[in-house]
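Lettering of chains follows the sequences in order, A, B, ..., and the numbering in each one begins at 1.
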Amino acid sequence: MELPLVVGLREDERMATKNEIIGILEEIGVILEIKGENPFKTRAYINAARTLEGLEEDLQTLVEEERLDKVKGIGKAIAEKISRLVTEGELPYYTDLKASIPHGLLNLLDIPGMGPKKIKAVYKNLNIHSIEELKLACEKGKLQTLDGFGKKTEEKILKGIENREAYMARHLWWDAHEIAEPLVTALRELPEVEKAEIAGSLRRKKETVGDLDFLASSLSPAPIMEWFTSRPEVQEVTAKGETKASVRLTGGLQADLRVVPPEQYAFALHHFTGSKEHNVALRSRSLQRGYSLSEWGLKAEKTEEIPKDILTEKALFDFLKLPFIPPELREGREELERLEGKKTPELISNTDLKGVFHNHTKASDGKSSLKEMAHAAAQIGWEYLGISDHSKASFQANGLNEKELINQIQEIKDYNASADREIHLFAGIECDILSDGSLDLSDEVLAECDYVIAAVHARSGQKGPDETSRLIAAMENPLVTMIAHPTGRLLLQREPYELDHRKIIDAAAANGVVIEINSHPRRLDMDWRWWRYAREKGVRASINPDAHHTDHFAYTLAGVNIARKGWLQPEEVINTMNLKAVREFLRKRKSDG
DNA sequence: GCCGTTTTCGGCCCGACTGTTTTCAGTCG
């Protein structure tokens, strides 16, 4: 599941249009290829799409000033088509072309092994229009009768269709990370391996990942490929060559390994870490300096100066007069411009945390007792732990009523006063926001807590205010310290509530309310894409594991990843404060409110 | 369909891998 992109900025709207046009050009190229057009003509559309992707100048401006056909890779004919799409939003040529082939034929591209040529072959010879028909033809053994198809191709396509769900599913960062870490560690221990790293979206700490990318540098790749493809967790080897292999692991996760010589390693690592958008931006910066940059290295284009050995990513950024850009920030969201002439930002790390606030015990739906939680938190080295069980409206989670909360607060006071205390406990509550925006427990009782986390757990009824208004109403209660998982999303499971993030962040800023980064690997909410705006507004974060068991404290790592992707620095996260400072912060928050 | 000329035609790209070939076409990232 991909989250909706940032909306509301004029720039982003234009980007969407540009991306749509890129998609249309690519589609035209594929359809022309299926129809058997001149291969170089079909290429021209694909090339034009690539050109548009890397376009630095504003597309709108180029169209208005009629300079589009001056861009290398875009000629008169394609420029006219793009202009039409920009100004009128539609293109009869494309609409007609699309209508000229059966609906569903392009879906065949989703099947591994099926490209334009093979689609054309099955369409012309077997009149296949859809994935279902393709599957049927494979099962009847009809595919292997075609020129250029054999038994293996047919088997591969059939398997591809059958495994489609598993192959295409994305995976939580946490799950992928747990599989990838031991693999890369073992990879590094091989005698032939000089360096090895995880690349791709996993390295960028994206909330979900599609597959695993491993990269190693070595002068003798053969034993490394052998090792990789014979791991016990490998279910199937889908490709194996001298320097490149693909496997499918148990659980359906796809993993690729590439082995490159040491002098190419830095370039390959950067390239395969991505993102695509970041790479486009860096390549274009490199070109401006007279070098073409690729996974293979730097090539002098317009200059005589040969770059010296570049053996690390840092050296590569150095050469391009940029600070080292941490992988988490390489999302093509203007990171190059924002870091121009600056140092690498000092992003928060997991060891900066001095405690966490959103945690449950057996009193509501947690699996560990208050003392077990306190002990485990002390073992990590934290200075404090906040206890925040559910409130009574979360009936399914055995939420606390007023009396039970008062009892728990007393239990926490007793613990803090006891001789065998191992850590300071803060008394909190994860208080439900009701459908009218009010809180589930009385202000009188909430005022007894050290802090209050307000959270939505059930969507509001049709009559009540929308989700945005409910959250804002809750934030306007001066007793509320922070809001939990604002969108309620469950990655790969449940879509986020429809929220106006801007209004939420503005309200948090106006009321001095902290926004949580819920670190549960399935939540990671508020999303990293919004922290840029929140930082600008001076809103602070609290990174919380939402622990229901002592084991769940480890989730803070996933939350820290999201904070890093949001460019957050330690001082912007309240639970990097030491006990004295955070106690003062909570006290002040209560008295100001 | 684009580009760049030795300027109105002729060439066009990116390397690795697989499978169907018997020297290479198609797919993929």
Side-chain angles (χ1 to χ4, degrees), chain A residues 24-26 28-53 68-82 91 93-94 97 108-122 143-160 167-168 199-201 210-215 221-222 225 228-229 236-248 254-261 264 267-277 279-280 283 292-297 299:
Chain A
I24 289 173
L25 291 175
E26 283 170 345
I28 292 175
V30 174
I31 298 175
L32 289 177
E33 204 169 346
I34 291 172
K35 300 190 79 163
E37 258 288 0
N38 171 3
F40 295 109
K41 180 171 168 181
T42 68
R43 264 221 98 81
Y45 281 94
I46 305 296
N47 288 340
R50 291 290 85 75
T51 306
L52 224 49
E53 253 176 8
L68 199 54
D69 60 346
K70 302 287 181 293
V71 177
K72 193 170 165 346
I74 299 175
K76 204 155 175 277
I78 294 184
E80 266 172 29
K81 293 188 174 75
I82 295 174
L91 180 64
Y93 171 76
Y94 164 67
L97 196 63
L108 299 185
L109 279 174
D110 289 342
I111 308 301
M114 291 296 292
K117 295 280 161 57
K118 290 216 156 69
I119 291 176
K120 185 189 172 188
V122 300
L143 238 64
Q144 51 177 304
T145 63
L146 299 179
D147 272 355
F149 288 75
K151 213 169 173 202
K152 286 204 169 180
T153 308
E154 188 176 78
E155 278 168 12
K156 187 184 169 190
I157 289 171
L158 185 58
K159 211 166 182 185
Y167 276 132
M168 289 194 358
S201 46
D211 55 12
L212 306 180
D213 289 301
F214 295 98
L215 184 74
M225 304 309 281
F228 182 67
T229 50
E236 184 190 359
V237 178
T238 44
K240 185 185 175 186
E242 281 174 34
T243 62
K244 213 175 122 178
S246 290
V247 300
R248 192 160 59 91
Q254 194 83 28
D256 294 345
L257 170 68
R258 285 178 181 78
V259 182
V260 298
Q264 197 198 315
F267 300 100
L269 179 59
H270 178 267
H271 176 87
F272 291 111
T273 297
S275 67
K276 207 169 100 187
E277 292 78 12
N279 288 353
V280 166
R283 270 203 302 277
S292 76
L293 172 66
S294 73
E295 65 194 270
W296 313 104
K299 215 169 69 192

Interatomic distance, A:Gln264 CD vs B:dA16 C1' [rounded to whole Å]: 12 Å
Taking atom P of B:dT20 as reference, at what distance in whole Å does atom CD of A:Gln144 sit? 9 Å
Working to the nearest 0.5 Å, report the span between CD1 of A:Ile28 and CD1 of A:Ile78. 8.0 Å
A:Ile74 CD1 to A:Ile82 CD1 distance, which is reported to the nearest 0.5 Å: 4.0 Å
On a whole-Å scale, what distance lies between the C1' atoms belonging to B:dG11 and B:dT6? 15 Å
Take atom C1' in B:dG15 and the same atom in B:dT8, then report the distance between them in whole Å. 34 Å
Heavy atoms only, 4.0 Å cut-off, all strands: where does A:Lys120 land among base, sugar-phosphate and nothing? nothing
Run the salt-bridge test on A:Arg258 and A:Glu295 with the 4.0 Å N-O cut-off and return the result as yes or no. no
Base-pairing mate for B:dT8 - Watson-Crick or G-U, with both contacts under 3.5 Å: none
In this structure, how many angstroms lie between the P atom of B:dC2 and the CG atom of A:Asn38, rounded? 12 Å
Under 4.0 Å from OP1 or OP2 of B:dT18: is there any side-chain N or O of A:Thr238 that close? no
Could you work out the separation of B:dC13 and B:dT5 based on their P atoms and round it to a whole Å? 14 Å
A:Asp69 CG to B:dC2 C1', straight-line distance once rounded to whole Å: 11 Å
Between the protein and nucleotides 6-8 of chain B, list every N/O to N/O distance that falls short of 3.5 Å.
none

Whole-Å distance separating the CG atom of A:Asn47 from the P atom of B:dG4: 13 Å
Contact class for A:Ser294 vs. all strands (heavy atom < 4.0 Å): base, sugar-phosphate, or nothing? nothing
To the nearest angstrom, the CH2-C1' distance between A:Trp296 and B:dC14 comes to 8 Å
Closest of B:dC17, B:dC2, B:dT18 to the A:Lys240 side chain is B:dT18
Minimum heavy-atom distance between A:Gly29 and A:Thr42, given as atom pair plus value: O-CB, 3.7 Å
What interatomic distance, in whole Å, is found between C1' of B:dC12 and the corresponding atom of B:dC17? 24 Å
Spacing of CG belonging to A:Leu97 relative to NZ belonging to A:Lys35, to within rounding of 0.5 Å: 5.5 Å
Enumerate all atom pairs, one protein N or O and one N or O from nucleotides 21-29 of chain B, separated by less than 3.5 Å.
{"from": "B:dT27", "atom 1": "OP1", "to": "A:Gly115", "atom 2": "N", "distance (Å)": "2.8"}
{"from": "B:dT27", "atom 1": "OP1", "to": "A:Gly115", "atom 2": "O", "distance (Å)": "3.1"}
{"from": "B:dT27", "atom 1": "OP1", "to": "A:Lys118", "atom 2": "N", "distance (Å)": "2.9"}
{"from": "B:dT27", "atom 1": "OP2", "to": "A:Lys117", "atom 2": "N", "distance (Å)": "3.4"}
{"from": "B:dC28", "atom 1": "OP1", "to": "A:Gly113", "atom 2": "N", "distance (Å)": "2.6"}

Expressed as a whole number of Å, how far does the C1' atom of B:dC9 sit from that of B:dA16? 34 Å
How long is the straight-line distance from OG of A:Ser246 back to CG of A:Leu212, given to the nearest 0.5 Å? 11.0 Å
Kindly confirm or rule out a cation-pi arrangement of A:Lys118 over A:Phe149, judged by NZ or CZ under 6.0 Å from the six-membered ring centre and within 45° of its axis? yes
Ignoring the backbone of A:Phe40, work out which of B:dC17, B:dG19, B:dG1 is nearest its side chain. B:dG1
Specify the separation, in whole Å, of atom CG of A:Leu143 and atom P of B:dG19. 15 Å
Expressed as a whole number of Å, how far does the C1' atom of B:dG29 sit from that of B:dT23? 25 Å
For atom CZ of A:Arg50 and atom C1' of B:dG1, their distance in whole Å: 16 Å
Taking the basic N atoms (NZ, or NE/NH1/NH2) and the acidic carboxylate oxygens, is any pair closer than 4.0 Å for A:Arg50 and A:Glu26? yes
Contact class for A:Val237 (heavy atom, under 4.0 Å): base, sugar-phosphate, or nothing? nothing
Of the options A:Tyr93, A:Tyr94, A:Tyr45, which is the one that meets A:Lys81 in a side-chain hydrogen bond (donor to acceptor under 3.5 Å, both in side chains)? A:Tyr45
Using atom P in both nucleotides, what's the gap between B:dG10 and B:dC14 to the nearest angstrom? 23 Å
Between A:Ala121 and A:Leu146 the two heavy atoms that sit nearest each other are O-CD1, 4.1 Å
If only side-chain N and O atoms of A:Thr153 are considered, is one of them under 4.0 Å from the OP1 or OP2 phosphate oxygen of B:dT20? yes
Need to verify one output field. Residue with the more 5' nearest nucleotide on DNA chain B, A:Lys72 or A:Lys152? A:Lys72
When you look at CD of A:Gln144, are more than 12 heavy atoms from neighbouring residues, nucleotides or ligands closer to it than 6.0 Å? yes
